[in-house]
Amino acid sequence: MSHILVTGGAGFIGANFVLDWLRQEGADGIVNADKLTYAGNRKSLAAVEGDVRHIFSQTDICDAAAVTRLLESHRPRAVLHFAAESHVDRSIHGPVDFVQTNVVGTFTLLEAVLAYWRALDAPSRAAFRFLHVSTDEVFGSLCPADPPFSETSPYQPNSPYSASKAASDHMVRAYHHTYGLPVLTTNCSNNYGPFHFPEKLIPLMITSALAGKPLPVYGDGLNVRDWLYVGDHCAAIREVLARGRPGETYNVGGWNEKTNLEVVHALCDMLDALKPKASGSYRDQIVFVKDRPGHDRRYAIDASKLARELGWKPAETFETGLRKTVQWYLHNQDWVQDVLSGEYRHWVAKQYAA
Ligand code: NAD
Ligand code: TYD
């Protein structure tokens with residue numbers, strides 16, 4: 001069976017990608033290399049445990065020898081690079097892990113992949129792809145009247161997270177221009193959906209609302225993000241992998257600009273309808289808290305290149321995607337509780353002790 005190698009496939013987007021990929025007819029197998037940091041959760045992959053098409057390996061992308069072993073033993077036709085430290089607030093408190101994984105890790109992976117790719121026979125070398133999953137945050141912050149970010153917008157990262165992702169994008173680009181490695185880069189806006197770690201805005205608000213806790217909105221709540229349902233991001237990545245032009249970058253976004261306050265209001269209203277409180281509205285739990293340092297005001301993505309060249313457009317509206325997400329969290333409280341209690345980390349040891 002032919003394989004693809006996915007890094008970070010136990011995280012939010014990576015796990016959704018693995019599950020979506022294996023649902024496609026005739027899908028190649030997946031080698032899933034994930035270090036299992038706090039953000040990696042094998043419970044998110046429970047649906048494919050025991051599926052022979054999914055091979056999980058607890059691997060740090062900074063470990064060159066381990067990455068090379070995976071490449072040599074499974075001979076993937078493509079590498080899809082999701083693994084990263086991804087939380088802006090964590091990057092403000094402790095940037096070192098971001099430099100290590102996002103910059104050094106991406107470099108280490110590129111080196112291993114380049115050596116592997118060079119040794120392939122000519123047809124396999126021509127067909128091989130390295131797809132780098134990146135973010136719109138590398139472009140910095142927009143003013144209200146600015147046009148959305150396009151593929152040619154200048155890089156102006158403002159947080160340690162976005163600076164480390166920008167550095168990784170530049171390394172990926174350099175490996176194409178210098179060595180000819182057939183790379184593709186996607187820069188996507190904010191994702192939401194199932195298996196999202198409950199420290200990010202949308203899952204935090206859902207889980208805190210249900211727990212009767214305050215809903216902390218940073219600053220004035222008027223920062224704008226462009227929200228995309230994670231399943232649509234996964235579909236875009238499949239399209240770019242299949243038909244993207246090597247060396248090109250593709251912006252991925254939902255055409256769904258919302259202020260944080262609009263998002264939190266929408267969530268509260270949906271929860272009021274689906275799981276009403278004994279009295280009052282979930283909106284009563286909203287509190288305004290101290291702003292994030294250097295908080296980017298607005299992100300927005302122009303995804304027209306992807307639509308024009310590859311025919312991709314999002315299937316979900318913000319309304320339908322948010323409803324699916326809220327319902328998923330309501331029906332998967334066990335997953336949430338395991339994450340909140342830290343139990344998911346012990347589960348790996350228990351489940352896989354043998
Ligand atoms: P996440 O934090 O949920 O998951 C990251 C995964 O990478 C985890 O499973 C973690 O264990 C793994 N990992 C971390 N360090 C590793 C290392 N050194 N070696 C191997 N595995 C390691 O992140 P996410 O939200 O799923 O994001 C995935 C990718 O998509 C990231 O590259 C991120 O920059 C990008 N992205 C995310 C968003 C978003 O809204 N979440 C938007 C655009 C782009
Ligand atoms: P986040 O999910 O951390 O994504 P990012 O910062 O990468 O866009 O945050 C999304 C937005 O929500 C961002 O503007 C910060 C804001 N936010 C809050 O207002 N309160 C919170 O508790 C969190 C986690 C985020």
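Note that these values count all heavy atoms, side chains included, but never hydrogens, waters or copies made by symmetry. In listed order, ligands and their atoms are each counted from 1.
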Let me confirm one number: the [atom1]-[atom2] distance from [X] to [Y], rounded to the nearest 0.5 Å.
| X | Y | atom1 | atom2 | result |
| --- | --- | --- | --- | --- |
| Arg90 | Tyr161 | CZ | OH | 13.5 Å |
| Met171 | Leu109 | CE | CG | 11.5 Å |
| Leu5 | Leu70 | CG | CG | 6.0 Å |

Short N or O distance, [X] and ligand 1, threshold 3.5 Å exclusive:
| X | answer |
| --- | --- |
| Lys200 | no |
| Tyr38 | no |
| Glu85 | no |
| Asn191 | yes |
| Ile61 | yes |
| Cys188 | no |
| Cys62 | no |
| His233 | no |
| Asp60 | yes |

Just let me know how [X] lines up against ligand 1, side chain, backbone, both or neither, with a heavy-atom cut-off below 4.0 Å.
| X | answer |
| --- | --- |
| Tyr161 | side chain |
| Leu36 | backbone |
| Lys165 | side chain |

Report task. Check whether the ring centres of Tyr38 and Phe197 lie less than 6.0 Å apart, and answer yes or no. Result -> yes
**Report entry** Tyr250 backbone acceptor or donor facing Glu151 side chain under 3.5 Å
**Finding:** no
Requested in this report: Say whether, by atom type as modelled, one donor and one acceptor occur between the side chain of Thr178 and the main chain of Ala174 under 3.5 angstrom.
Outcome: yes
Query raised in the report: Do Ser86 and Lys200 have side-chain N/O donor and acceptor atoms under 3.5 Å apart?
Result: yes
Query - Donor + acceptor pair across side chains of Asp136, Ser189 (<3.5 Å) - result: no
Requested in this report: From the options Ser134, Ala39, Ala83, select the one whose nearest heavy atom is closest to atom 44 (C) of ligand 1.
Outcome: Ser134
Tell me whether ligand 1 is touched by [X] - counting only heavy atoms on the residue side and a distance under 4.0 Å.
| X | answer |
| --- | --- |
| Gly9 | no |
| Phe197 | no |
| Thr59 | yes |
| Thr7 | no |
| Ala10 | yes |
| Ala15 | no |

Report task. Determine the minimum heavy-atom distance between Cys234 and Asp20, stating which atoms define it. Result -> CB-OD2, 3.4 Å
Query raised in the report: Under 6.0 Å from the six-membered ring centre of Phe56 and within 45° of its axis: does the NZ or CZ of Arg42 meet both?
Result: yes
Report task. Assess Arg292 against Tyr218: is NZ or CZ under 6.0 Å from the centre of the six-membered ring, and within 45 degrees of the ring's axis? Result -> no
Query raised in the report: Residues two or more places apart in sequence or in another chain: which of them pass side-chain hydrogen bond (donor to acceptor under 3.5 Å, both in side chains) with Ser150?
Result: Thr152
**Report entry** Pairwise side-chain hydrogen bond (donor to acceptor under 3.5 Å, both in side chains) hits with a residue in residues 233-242, at least two apart
**Finding:** Asn191-His233, Glu239-Arg243
Query raised in the report: Can you say whether the rings of Tyr155 and His170 are parallel (under 30°), tilted (30 to 60°) or perpendicular (over 60°)?
Result: tilted
**Report entry** Mutual orientation of the aromatic rings belonging to Tyr192 and Trp227 [parallel < 30°, tilted 30-60°, perpendicular > 60°]
**Finding:** perpendicular
Query raised in the report: When you measure from atom 31 (C) of ligand 1 to every protein heavy atom, which one gives the shortest distance, and what is it?
Result: Phe82 O, 3.2 Å
Query raised in the report: Any ring-ring contact (aromatic ring centres under 6.0 Å, His included) pairs touching residues 6-27, not counting sequence neighbours?
Result: Phe12-His196, Phe17-Trp21, Phe17-Phe82
Show me a pair-per-line table, with atom names and distances to 0.1 Å, of protein N or O atoms that are under 3.5 Å from an N or O of ligand 2.
{"unit_1": "ligand 2", "atom_1": "2 (O)", "unit_2": "Leu201", "atom_2": "N", "d": "3.0"}
{"unit_1": "ligand 2", "atom_1": "3 (O)", "unit_2": "Arg292", "atom_2": "NH2", "d": "3.1"}
{"unit_1": "ligand 2", "atom_1": "4 (O)", "unit_2": "Asn190", "atom_2": "ND2", "d": "3.4"}
{"unit_1": "ligand 2", "atom_1": "6 (O)", "unit_2": "Arg292", "atom_2": "NH1", "d": "2.5"}
{"unit_1": "ligand 2", "atom_1": "6 (O)", "unit_2": "Arg292", "atom_2": "NH2", "d": "3.2"}
{"unit_1": "ligand 2", "atom_1": "7 (O)", "unit_2": "Glu137", "atom_2": "OE2", "d": "2.6"}
{"unit_1": "ligand 2", "atom_1": "8 (O)", "unit_2": "Asn190", "atom_2": "ND2", "d": "2.8"}
{"unit_1": "ligand 2", "atom_1": "8 (O)", "unit_2": "Arg225", "atom_2": "NE", "d": "2.8"}
{"unit_1": "ligand 2", "atom_1": "12 (O)", "unit_2": "Asn260", "atom_2": "ND2", "d": "3.4"}
{"unit_1": "ligand 2", "atom_1": "14 (O)", "unit_2": "Arg225", "atom_2": "NH2", "d": "3.2"}
{"unit_1": "ligand 2", "atom_1": "14 (O)", "unit_2": "Asn260", "atom_2": "ND2", "d": "2.9"}
{"unit_1": "ligand 2", "atom_1": "14 (O)", "unit_2": "His295", "atom_2": "NE2", "d": "2.7"}
{"unit_1": "ligand 2", "atom_1": "19 (O)", "unit_2": "Tyr218", "atom_2": "N", "d": "2.9"}
{"unit_1": "ligand 2", "atom_1": "20 (N)", "unit_2": "Pro216", "atom_2": "O", "d": "2.8"}
{"unit_1": "ligand 2", "atom_1": "22 (O)", "unit_2": "Pro216", "atom_2": "O", "d": "3.3"}

